[in-house]
Amino acid sequence: MKYKYLHIMIFFAIISLFGIKDGKAQQGRSSGGQELNINATIVNSNGEAIHNATVTLGEGLLQAYSNEDGEFSIKATTNNVLIISARGYEEKVINLRSTSVESTIVLTETLVFDSRNDVVNLPTGISTTQRQLVGSVDIISGSEIESQPDIVLSNALQGRLAGLTVRMNEGGLGNNVPTLAVRGLSRLGGNAPVTIVDGIERPIEFLVAEEIESIEVLKDASAKILYGPRAANGVILVTTKRGRENTRVIKASVEYGVTMTTRMPEYLGSAEYATLYNEARQNDGFSPFYSEQQIEGYRQSTGENDLLYPDADYVNYFLRNSNPFRKANVEYSGGNEDARYAFMVGYIGTEGVEKVGNTPKEDRINIRGNLDIKVTDKLSAFIDGNGIIESRRWGKLNQDAVFSAISSHRPNEYPFVIDDPNFEGADTPLGQERIPPQGGSYIRPNSLYGNMVYGGFQEHQYFYGQTNFGLNLKLDDVLDGLSAKSYITFDNYQFQSASQINNPIRYGVFPSDDGVDYVQLQNRVISGNRTEQGNNISRNTGWITNLNYDKVFEKHAIKANLSHFYYLNENSDRRQNIENTNTFLRTVYSFDNRFYFEATGAVMGSNRFAKENRFKFFPAVGASWIISEESFMNSTSIDFLKVKGSFGILGYDAGTSFYLYDTRYFNNGSVQFNERNQNNVQRTGFDNFGNPDLEWETSREVNIGIEGFGLNNSLRFEVNYFNEFRDNIIFDNPGALFSSINGNLNVPQNWGQVSNQGVDASINYIKSFGDLSWSVGGNFLYVKNEVLRTNEVFHPDEYLRQTGRPSDAIFGYVSNGIFRDQSQVDGSPFQALGPYGVGNLSYEDLNGDGIIDERDVQAIGNSFPRTTLGVNFSLNYKGFGLFVLGTSELGVHTMRNNSYYRNSGEGKYSAFVRDRFHPENNPGGSVPALTTLGAVNDFRGSTFWLEDASFFRLKNVELSYSLANAAWTVKNIRLFVRATNVFVISAIKELDPEALNAGVTNYPIFRTVTSGVAVSF
């Protein structure tokens, strides 16, 4: 264990040596220097002003933009480097030490979208530019998501990238990882994209924005095919920061704030609960359970520890409204021609909302270093390392158990602590802590208070180590334009959990003629020592090799990439390793820098299939045309316009279970034989029937798009239409294809088919007027799929079939509302769904057979949004900055099926039941009548419980102020205030529409407000 991260420590030591050496050299160059006020005009070779050119000091700390007349002003010192860049022009670097800045700076025209600022990263270390790209890739920089404080990075991607749907989930501390989908749902299930960090499949939720250079979403076949068998659902590719030549960055930031609960469920107090419980019993034909004296006792209750009349507000007693959020980061990067380095250290931490007992805590430290070294003129090397240490600690109960108890334990069920001077409970053994007697009930003998205060603790430790090592070799001596790159990756993930769990004695409290009687419900259990509960080890190994060719012949250019990729994931909790390969040849031909043609042939391999089917060839092709540079395009409003299209067929193995190609057996107990059946003989049973002829699941994809710039480089837009056909989806045990007399084990089959299509688009407009600049933008996704074939019996009633409907279709009964009198009950078809009558739900008889049963179910909604939107606005004036992001989901439904909405039996009552139907007390009620029995008829999935879950959320706001001066030691000081999940607008008012169980079965959606400062040296 103590040597586990020795290789990472050595790596960081090497980085420090190179960094200190280079840093000292740069400090020597940048110490002192005369202050300059630079005022200049940027023009092209024709003398025309260049609008929106970016002017940056070499250290990247100060930045300005040219106005409509090409003018800019910036303060600098003579020891710095000025970098001027504009779209469609070559970047100009001015060393202020040796060169004075002319009043007019001329930039040389070059290809639009073809500079180093337009690089698009692709899998296996290949890159292209936005101009040459024939596929569909959306990009965002790491700095753009720094404004959103969230302990899970992927939550910050919501609403920011066209084609990417990010849906928040309820979850405990650090466990609220969102559901991601690229271009909707292309399968019947398991639609998650693959996430890649620096070339290999790695989780992204543990990253921090400050260590990220860019995030790309690869959406079409021409881009996804490069990663191979696990990429058909889409790829989220993260590239971390690296050092840049002639640039030094020393930056630190600290951030602190609070996360606040948003929509929380409201529950009834004891008196109101008892009153409605009596009503429920009367509805069932029973006598009232609570007397008027008891109900009055609850009204006069002293609180949660009242012995006979407890009235517990679980939400306010056990939970606080806010908890702290902490974050700090340091970045040190730079380089020269010989070495480039980037070193980042980050900390992030937060706490839970439980205020009784052990408050959950989460702390994470990220350390990352990337180093590039020029060994010779022909050979360079790079080494990357990342270490993540995370600690989580909480009480006996996980967050879901705490919230489940809060939502189910009734307010009058038991006193938390028995405060009776005449009762001390069972004797405490010598040497053990005395625990005051705790209350409990027969239904719930484990009181929440006892578990949280005296139940002990749990803790989890996560250790992640990630390394890359590679070489780049120029082979111009062999063939002009030839180069090679090869690197290996090795990751080690370890998880350990430990706990010390106790169980105090609980007592039932019952009134008696003498006052109060106590009944012991449990024995005391004390765990004397911290005990290890579990551990897991997972390892990733990867090898990537590229042979690249890049050559220009007058108006012709050829690029070719021959690549081999190998990936192996081993997990101690899994019976089969994940092992796959991808070997591809990608060729790109361009003519006159206007026409681009791309073709890729890939041989994918996966251990999910039998040897004879383990490798398969898949193709992808694409083309693009720069229309704006044709002679017939004379538009003054269009600066750049490209049309593009791609087609490909991809293999997909991540949805295929292990060993489906192999018939497997297992030890299935024993059987008795011989005289008097005294001899036990082991018996063997089938685990699964194998199908060695299983073929790859395939994805046939088409993408047609248009992208460009207009209005003097102020407007950028892109629109893509996509169509995907997913075929040969594998079903492990397709019951629809085999008779039930076969038993419950059937041969796996390639059977499922899904068609998915839609449109994604993005648009952004930027404008500046002197010291004022602003931008407004948005992205859009519309998507809809259709199940063409699935594992279902062919129902004669078409409306019962999933085939022909979206894969996210919600099936249920069509409700006619509540039976409000006996005549309605008598005049309706018989409902074979459970007992019903006045006050219960009525349903439509869809097939007209006079009986409401399972054959009267149809598609009534959909669970995935048809439309996803993201809108953003930014404003900068002098040092002030404002950024606003809004997100929206439209055309989506949810089923109100949790305990907040469905109250029955001996469960807790929420405020939702206040509008329950009762013929006398509330004849106009909109909720079914209460019952102490199982509401089998009412709690069926139906249109009654279906709700439109569309929403608009003000997702992120940042207000900042920056002070900058190149002559200062601290060259830039940025103060900021940030907020996330500010508010949500939806038809659902009680709970959060995006995560309906949030606050009921686990943590609510949090609103986070922070403030901080970032300084650059």
Roughly how far, to the nearest 0.5 Å, is [atom2] of [Y] from [atom1] of [X]?
X: T1008; Y: N981; atom1: OG1; atom2: CG; value: 6.5 Å
X: F1006; Y: S322; atom1: CZ; atom2: OG; value: 9.5 Å
X: Y567; Y: I196; atom1: OH; atom2: CD1; value: 10.0 Å
X: F463; Y: Q494; atom1: CZ; atom2: CD; value: 7.5 Å
X: Q496; Y: N535; atom1: CD; atom2: CG; value: 6.5 Å
X: N540; Y: D491; atom1: CG; atom2: CG; value: 5.0 Å

Does [X] use its side chain to pair, donor to acceptor, with the backbone of [Y] at less than 3.5 Å?
X: S960; Y: L975; value: no
X: R364; Y: I151; value: yes
X: R574; Y: N569; value: yes
X: T195; Y: R202; value: yes
X: R183; Y: T165; value: no
X: R244; Y: R340; value: no
X: D198; Y: T489; value: no
X: D138; Y: A162; value: yes
X: N956; Y: S147; value: yes
X: T359; Y: E354; value: yes

Check: Among all residues two or more places apart in sequence or in another chain, which pass the side chain to side chain donor-acceptor pair (under 3.5 Å) test with N997?
Finding: N898
Margin query: Test of understanding: with side chain to side chain donor-acceptor pair (under 3.5 Å), list the residues that count as partners of E994, not counting sequence neighbours.
Written below: Q158, R953
Next item on the list: Might you work through the salt bridge (Lys or Arg N to Asp or Glu O under 4.0 Å) test for R326 and D363, ending with a clear yes or no?
Entry: CA-CA 9 Å; R326 306 173 293 269; D363 297 282; 3.4 Å; yes
Next item on the list: Work out which heavy atom in K361 is nearest to a heavy atom in L173; give both atom names and the distance.
Entry: C-CD2, 3.6 Å
Margin query: Minimum heavy-atom separation for V984 and P993, please, with both atom names.
Written below: CG2-CG, 4.0 Å
Just wondering, do [Y] and [X] contact through their side chains at under 4.5 Å, heavy atoms?
X: I501; Y: K396; value: yes
X: Y227; Y: L237; value: no
X: D372; Y: R242; value: yes

Next item on the list: Run the numbers on K251 and E210 for salt bridge (Lys or Arg N to Asp or Glu O under 4.0 Å), then give the verdict.
Entry: CA-CA 10 Å; K251 188 161 57 176; E210 286 76 6; over 6 Å; no
Check: Between F495 and Y462, what is the ring plane arrangement, given parallel below 30°, perpendicular above 60°, and tilted in between?
Finding: tilted
Checklist line | Residue pairs fulfilling ring-ring contact (aromatic ring centres under 6.0 Å, His included) with at least one residue in residues 144-173, sequence neighbours excluded | finding: none
Check: How far apart are the C-alpha atoms of S775 and S874, what are their side-chain angles, what is the distance that settles it, and do they pass the side chain to side chain donor-acceptor pair (under 3.5 Å) test?
Finding: CA-CA 5 Å; S775 69; S874 65; 2.5 Å; yes
Checklist line | Atom CZ of R539 with >12 non-hydrogen neighbours under 6.0 angstrom | finding: no
Checklist line | Within 45° cone of F983 ring axis and under 6.0 Å: R1007 NZ or CZ | finding: no
Check: Would R393 and E362 count as a salt bridge (Lys or Arg N to Asp or Glu O under 4.0 Å) if you check the C-alpha gap in whole Å, the side-chain angles of each, and the deciding distance to 0.1 Å?
Finding: CA-CA 7 Å; R393 183 182 175 97; E362 178 176 4; over 6 Å; no
Next item on the list: Show your working on salt bridge (Lys or Arg N to Asp or Glu O under 4.0 Å) between D150 and R978 and close with a plain yes or no.
Entry: CA-CA 11 Å; D150 200 303; R978 297 166 173 167; over 6 Å; no
